[in-house]
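For reference, the structure discussed in these notes is given below.
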Amino acid sequence: MAHTDQTGQTGQTDQTMRRVLRREIAGTIGLLTDEHDFRAMRRYRSFTFHDHAAYLRQVEALLQARAAQGTHTTVALFDPEEYADFCTAAGLDADAPATRARFTAELAAHGPTVPYEGQPLADLLPILVDEAVRQATWEYTSTLLATLGGCSTCGEDLGRAAFTRAHRLLHRVLETAPPGSRHLVCSVKGHPEETLVSVLLVEDDGDGSPHIDEAEALEFTSVLALGLATHSPGGLVMRVSPPTGPDRIHGWRLRGYGLEPLTAAEVFDAYCTDLESGDLISPESNVDYCAPPDLGDDHLPPGHHH
């Protein structure tokens, strides 16, 4: 009996250790966020879900169960088209759960992901989609900036110069802004019917210094840089919410290689006009439409400019 008891204790100890180790393993779930992508995956026989709403409920239950066990989980955006391309390039069977798991591992390393922190799935989904859009925008603008090449006159890399210029302009906008949280939107028109839009939220830390998400700032700067480098129509709008008093809205248009301030009337017209119909929209209450702060001496340094 003593030998039997010892074996049982050893088996129990092994199981306990495995449970402990399981909590140390981070996991990633590839999520089909919309009905269209869900239907695309149903062409695989090994994908046995039939209802998107039920699928989302099961995913949420799994996330909650893992969180209750103390296991960290990230959620990745699973794109069926990218999955099919991945399988073709790697020569893998797309109709296999192991292949989907392998693709999800690739997403965990290189794709857009967000950590699950116990929030409802309905709250997590838009965050995940925003992260995917942000990464796609960054990759797109970076590619375009890289293809601009060098200046035919001085040889300077046009994309790198525009990014440096955009970074300097964003720094001046934030530096001269009134106190409060700042919500910035940069839009740049590209090809017909294509407009790139990037959003940056800046909050003040306890000591008054700005707190900025680096990924958001990188994407925002790249969109602004693309507008500067290509001299595309576009603009930058900043909404400041001070600790007390009404919100203040400022705006600039992209002009040449810089930012041209909008007047208070132009800011009002931009915010109170429906872009599609051209009809007037009632102005918001407790909001001031203002000319932007002076960015100071923003002349380019001596040398060739693009």
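Hydrogens, waters and symmetry mates are skipped; everything else that's a heavy atom, side chains included, is used. Throughout, residue positions are numbered sequentially from 1 according to the sequence presented.
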Item to check | From CA spacing to verdict: side-chain contact (heavy atoms from CB on, under 4.5 Å), V197, V185 | outcome: CA-CA 7 Å; V197 179; V185 178; 3.8 Å; yes
Checklist outcome for this item: Note: R100 and A94 closest approach over all heavy atoms is NH1-O, 4.0 Å
Checklist entry - Do L259 and R253 come close enough that some side-chain heavy atom pair is under 4.5 Å? => result no
Checklist entry - What class does the angle between the rings of F268 and Y289 fall in, given that below 30° is parallel, 30 to 60° is tilted and above 60° is perpendicular? => result perpendicular
Item to check | I249 side chain reached by V287 side chain, heavy atoms, under 4.5 Å | outcome: yes
Item to check | Rounded distance [0.5 Å steps], CG in D213 versus CG in L201 | outcome: 9.0 Å
Checklist entry - If you look only at pairs with a residue in residues 74-86, which of them pass as a salt bridge (charged side-chain N to carboxylate O under 4.0 Å, His left out), with sequence neighbours excluded? => result none
Next on the checklist: How close do E266 and T263 get, counting heavy atoms only, and between which atoms?
Outcome noted: OE1-N, 2.8 Å
Checklist entry - What about F103 and F47, same hydrophobic cluster or not, with Ile/Leu/Val/Met/Phe/Trp/Tyr joined at side-chain heavy-atom distances under 4.5 Å? => result yes
Next on the checklist: Working to the nearest 0.5 angstrom, can you tell me the gap between M238 CE and L200 CG?
Outcome noted: 11.0 Å
Checklist outcome for this item: So salt bridge (charged side-chain N to carboxylate O under 4.0 Å, His left out) across residues 226-245, not counting sequence neighbours, yields R239-D247, R239-E284
Item to check | Steps toward salt bridge (Lys or Arg N to Asp or Glu O under 4.0 Å) verdict (E60, R57) | outcome: CA-CA 5 Å; E60 185 163 30; R57 287 195 298 271; over 6 Å; no
Next on the checklist: Count I, L, V, M, F, W, Y as connected when their side-chain heavy atoms are under 4.5 Å apart, and connections chain through other members. Are L254 and F163 then in the same cluster?
Outcome noted: no
Checklist entry - So, for F86 and T99, which heavy atoms are closest and what is the spacing to 0.1 Å? => result CE2-O, 4.4 Å
Next on the checklist: Counting C-beta onward and ignoring hydrogens, is there a side-chain heavy-atom pair between W252 and L262 closer than 4.5 Å?
Outcome noted: no
Item to check | Beyond-backbone contact of P242 with P178, side-chain heavy atoms, under 4.5 angstrom | outcome: no
Item to check | From CA spacing to verdict: side chain to side chain donor-acceptor pair (under 3.5 Å), S222, T141 | outcome: CA-CA 6 Å; S222 68; T141 53; 2.9 Å; yes
Item to check | Any donor-acceptor N/O pair, D288 side chain to C290 backbone, under 3.5 Å | outcome: no
Next on the checklist: For a side-chain contact (heavy atoms from CB on, under 4.5 Å) check, start with the C-alpha distance between V114 and D130, then their side-chain angles and the critical distance, and finish with the verdict.
Outcome noted: CA-CA 10 Å; V114 295; D130 286 347; over 6 Å; no
Item to check | Enclosure of H52 NE2 (heavy-atom neighbours >12, cutoff 6.0 Å) | outcome: yes
Next on the checklist: Restricting to non-hydrogen atoms, name the atom on Y55 and the atom on L32 that form the minimum distance, rounded to 0.1 Å.
Outcome noted: OH-N, 3.1 Å
Checklist outcome for this item: Heavy atoms of L148 and A229 approach each other most closely as CD1-CB, 3.5 Å
Checklist entry - Does T48 offer a backbone N or O that forms a donor-acceptor pair with the side chain of H50 under 3.5 Å? => result yes
Checklist entry - Would L184 and V133 show up in the same hydrophobic cluster when neighbours are defined by side-chain heavy atoms closer than 4.5 Å? => result no
Item to check | Heavy-atom check, side chain of T71 versus side chain of Y116, under 4.5 Å | outcome: no
Checklist entry - Should L170 and F220 count as side-chain neighbours, where that means a heavy-atom distance under 4.5 Å? => result yes
Next on the checklist: When you group the ILVMFWY residues by side-chain heavy-atom contacts below 4.5 Å and let the links chain together, are V59 and L107 in the same group?
Outcome noted: yes
Next on the checklist: Quick one, T195 and S187 - any side-chain contact, counting heavy atoms below 4.5 Å?
Outcome noted: yes
Next on the checklist: Distance check, rounded to the nearest 0.5 Å: L295 atom CG versus L169 atom CG?
Outcome noted: 7.0 Å
Checklist entry - If you round to the nearest 0.5 Å, how far is CZ of R42 from CG of D51? => result 8.5 Å
Item to check | Contacts of R134 that satisfy salt bridge (Lys or Arg N to Asp or Glu O under 4.0 Å) - sequence neighbours left out | outcome: E131, E216, E219
Checklist entry - Under 4.0 Å between a Lys/Arg side-chain N and an Asp/Glu carboxylate O for E203 and R182? => result no
Checklist entry - How far apart are the C-alpha atoms of V267 and H250, what are their side-chain angles, what is the distance that settles it, and do they pass the side-chain contact (heavy atoms from CB on, under 4.5 Å) test? => result CA-CA 7 Å; V267 175; H250 310 283; 5.7 Å; no
Next on the checklist: Quick one, T104 with T28, criterion side chain to side chain donor-acceptor pair (under 3.5 Å). Give me CA distance, side-chain angles, the key distance, then yes/no.
Outcome noted: CA-CA 7 Å; T104 300; T28 302; over 6 Å; no
Checklist entry - Checking Y257 side chain against A162 main chain: does a donor-acceptor pair fall under 3.5 Å? => result yes
Item to check | Exercise: identify the closest heavy-atom pair between L128 and V75 | outcome: CD1-O, 3.5 Å
Next on the checklist: Quick one: does any side-chain atom of S142 pair with a main-chain N or O of E139 as donor and acceptor, under 3.5 Å?
Outcome noted: no
Checklist entry - Are I212 and L224 grouped together when hydrophobic residues (ILVMFWY) are joined by side-chain heavy atoms under 4.5 angstrom apart? => result yes
Checklist entry - When the aromatic ring centroids of F38 and F78 are compared, is their separation below 6.0 Å? => result no
Next on the checklist: Return the CG to CG distance between L228 and L158, rounded to the nearest 0.5 Å.
Outcome noted: 12.0 Å
Checklist outcome for this item: When rounded to the nearest 0.5 Å, the distance separating CD of E117 from NE2 of H72 is 8.0 Å
Next on the checklist: Using side-chain contact (heavy atoms from CB on, under 4.5 Å), reason through L56 and T33 one step at a time and then give a plain yes or no.
Outcome noted: CA-CA 8 Å; L56 291 178; T33 58; over 6 Å; no
Item to check | Note, S46 side chain near P97 side chain (heavy atom, < 4.5 Å) | outcome: yes
Checklist entry - So, the side chain of R43 versus the backbone of A40: is there a donor-acceptor pair under 3.5 Å, distance only? => result yes
